[in-house]
Amino acid sequence: MAPQQNPVLNQLFYGDNLAVLRDHIPSQSVDLIYLDPPFNSRQDYNVLFAEKDGARSASQITAFKDTWEWNEESSLAYEQVVEAGGRVAEAMRAFRTLLGGTDMLAYLAMMAPRLVELRRVLKESGSIYLHCDPTASHYLKLLMDGVFGATFFRNEVIWQRTSAHANVSQKFGAVHDVLLFFTKGAKPGWTQQFVPYTEEYKDIFFDQIDEQGRRYFRRDLTASMSRASTGQLYEWHGITPPPSRCWAMSKVNMDELEAKGRIHWPKKQGGMPRLKLYPEDQPGVTLSDVWTDVKTMHNLSVERLGYPTQKPEALLERILRASSNEGDVVLDPFCGCGTTIQVAQKLNRRWIGIDITHLAIGLIKTRLDDAYGPEIRQTYEVIGEPTDVAGAAQLAEENKYQFQYWALGLCGARPTEGIKKGADRGIDGRLYFHDDNSGASRQIIFSVKGGHNIGVAEVRDLIGVLQRERAEIGVYISFEEPTKPMLREAAEAGFYTSPGSSGAEGGKFPRIQLLTIKDLIEGNKSVQRPLHVRDVTFKKAPRTRAVAAENLTLDLGSNS
């Protein structure tokens, strides 16, 4: 399939990122890539290296759920990478010799073709940051050496994500993640980053005190002759720079600095003058490859959305500021809850996000709405979601859980995990809200039917669940129009009366509501609920002021 031709501002893709990259993203169209591939580092370390026979089918596991397993699909991926030849194939053969048929090899086999595609879409001036933990970082470093070339490795950045680790036995506490920073070419885009001076740093390096009691340090006022320009070799106050050196600036500039009191004169007669530099003269200390100042989010953080692998925005801001400029294209192929997208939007970068779960896509749309308002949806396109009943039916047939996630997303509800599913026990989703001043949470429960055989018994089951859960409203979603007995049973369930809050009027809402997929897609019907409520289903993302931007579009021309 040829890549899309229509330029859009930003894009959010639902699907396997390998297929999306191959089918939709042109070569050399992206300036910066950040990826944090899911990997279950919390499982026992030895399990990752246990030999398996590969018989377990990929269809038996949820794609990319915390880890990739050695099975028929990953074995095929390994063979395809090796058959393609080159340095990546050599690396994978070496991994096979070392690791055998293990989950770690499966992880590398599934990552290899994705990294090859990510290199293809990256511009010659582009950069890539792969976020991982020490369990897999050394293998991924060798794999990226094979894909990008060892000469284009820039840094292994250590991010200290926490300061303590409880219950550590017979080893040091694991408190850091790793960012593998590579570039595609020799001249990448780069903006040097700085961190503020600490008081300790100032005490050590700003060791001089001027007449006003201000701290400063002394900098050399000479430069190498090889870097000199006309008019920099002269005598000043009877002093001439030593051999092969000249003054770092013109005599006029030197006189101006002296008039401003910015020249440090040594007590020793004939000593070389130096420039006084105060803390405010410099942006700070050059950022190193060990980051201890970006803290992970605590439970009360305003950023925290409840997504298990969410990263702090400050981490992504640092990466985007260092390796991209306003208007550049930023790609995250495992975008999860959308922190990369949120930061790219805030910093006036164009963005492409890819995720394989409708839960993530729905969460990202909600997050952007919260941060910028509903009008933000005019600035991006979602690709891969069903747009009609036929597409929804196809999704339901292919993956019933992704269908449920998508349908619940249309209602702003969150999927329920850990609930035993059954004909009379299942709750597919929930929506929580507050509609008075008591602080008590109310809830709407959802039942999503992917098949076409529906009946009144399912409405009765939902009423029973509603009573058991003490929920206010129950919503039943199906492809088929509800039958008359179903409508009659729903009507007999009565209404939920909302008391209202903060002076807003309450109202009555059907306790059992029957909706169809067509209703939701076409907007003919929606969940009837108090419009003035404070929704707490997803933790609300903080409001963000977008950086003023020119009208930028992604250039999605043909692949080269």
Side-chain angles (χ1 to χ4, degrees), residues 1 15-25 27 33 35-122 128-150 152-153 178 180 182 184 331 333-334 354-357 398-399:
M1 181 185 297
D16 183 336
N17 53 28
L18 183 60
V20 171
L21 288 166
R22 288 173 173 170
D23 294 343
H24 294 277
I25 314 300
S27 299
I33 297 170
L35 66 158
D36 182 12
F39 183 74
N40 191 0
S41 60
R42 293 184 298 276
Q43 68 174 287
D44 184 85
Y45 187 82
N46 293 322
V47 172
L48 298 170
F49 300 90
E51 286 276 359
K52 298 188 176 184
D53 61 11
R56 191 179 185 197
S57 170
S59 63
Q60 294 175 276
I61 61 174
T62 302
F64 310 139
K65 185 179 180 182
D66 291 331
T67 186
W68 290 325
E69 300 191 14
W70 185 252
N71 52 39
E72 293 175 357
E73 184 178 7
S74 54
S75 178
L76 177 61
Y78 169 82
E79 292 176 4
Q80 291 174 340
V81 172
V82 170
E83 289 170 0
R87 292 177 304 183
V88 180
E90 293 172 4
M92 290 305 301
R93 281 195 294 266
F95 288 142
R96 182 64 185 265
T97 300
L98 176 64
L99 300 171
T102 62
D103 284 354
M104 181 61 76
L105 182 65
Y107 182 70
L108 298 169
M110 299 294 276
M111 282 300 302
R114 288 165 172 81
L115 289 171
V116 169
E117 287 300 314
L118 290 172
R119 184 186 183 279
R120 175 186 64 79
V121 306
L122 200 59
I128 180 170
Y129 291 76
L130 192 157
H131 192 143
C132 53
D133 74 8
T135 306
S137 62
H138 43 300
Y139 297 109
L140 290 167
K141 166 62 167 63
L142 292 173
L143 181 57
M144 293 187 77
D145 282 345
V147 174
F148 291 89
F152 296 110
F153 169 67
V178 175
L180 298 174
F182 280 75
K184 185 173 182 178
L331 166 66
F334 297 91
I354 310 170
D355 204 274
I356 200 166
T357 71
E398 293 173 351
N399 190 317

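Quick caveat: nothing in here was measured; it's all calculated off a predicted structure. Each residue takes its place number in the sequence, starting with 1. Atom set for the values below is all heavy atoms of this structure, side chains included, hydrogens, waters and symmetry mates excluded.
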Inset, instruction - For the pair Arg120 (side chain) and Val116 (backbone), establish whether a donor and an acceptor sit closer than 3.5 Å, ignoring hydrogens and angles. - result: no

Inset, instruction - For Ala112 and Val81, work out which heavy atoms get closest and say how close. - result: CB-CG2, 4.0 Å

Inset, instruction - Looking only at non-hydrogen atoms, find the nearest pair between Val82 and Ala89 and report the distance. - result: O-CB, 3.5 Å

Legend entry - Separation of Leu130 CG from Asp36 CG (nearest 0.5 Å): 8.0 Å

Legend entry - Spatial distance of atom CG (Leu18) from atom CZ (Arg114) [nearest 0.5 Å]: 4.5 Å

Legend entry - Contact summary for Arg87 and Gly149, nearest pair of heavy atoms: NH1-CA, 3.6 Å

Inset, instruction - Using a 4.5 Å cut-off on heavy atoms from C-beta on, say whether the side chain of Ser137 contacts that of His131. - result: no

Inset, instruction - Enter the distance from Glu117:CD to Ser27:OG here, rounded to the nearest 0.5 Å. - result: 8.0 Å

Legend entry - Met110 CE to Leu105 CG distance, which is reported to the nearest 0.5 Å: 11.5 Å

Legend entry - Sub-4.5 Å side-chain heavy-atom contact between Asp133 and Val178: no

Legend entry - Beyond-backbone contact of Thr135 with Met104, side-chain heavy atoms, under 4.5 angstrom: yes

Inset, instruction - Would you check if Leu118 and Pro333 make a side-chain contact, meaning some heavy-atom pair closer than 4.5 Å? - result: yes

Inset, instruction - Kindly give the heavy-atom pair with the smallest separation between Leu35 and Met111, and that separation in Å. - result: CD1-CE, 3.9 Å

Inset, instruction - Given side chain to side chain contact (heavy atoms under 4.5 Å, CB included), test Phe334 with Ile356 step by step and report yes or no. - result: CA-CA 8 Å; Phe334 297 91; Ile356 200 166; over 6 Å; no

Inset, instruction - Applying ring-ring contact (aromatic ring centres under 6.0 Å, His included) between Phe153 and each of Tyr129, Phe148, Phe182, report the one that passes. - result: Phe182

Inset, instruction - Could you tell me the separation between the CG atom of Leu331 and the CG atom of Leu122, rounded to the nearest 0.5 Å? - result: 9.0 Å

Legend entry - Heavy-atom side-chain contact between Leu76 and Gln80 under 4.5 Å: yes

Inset, instruction - Enter the distance from Leu143:CG to Leu108:CG here, rounded to the nearest 0.5 Å. - result: 6.0 Å

Legend entry - Donor-acceptor pair, side chain of Asp103 and main chain of Glu69, under 3.5 angstrom: no

Inset, instruction - Report yes if the side chains of Ser74 and Tyr107 come closer than 4.5 Å at any heavy-atom pair, otherwise no. - result: no

Legend entry - Trp70 and Tyr78 aromatic ring geometry - parallel, tilted or perpendicular at 30°/60° bounds: perpendicular

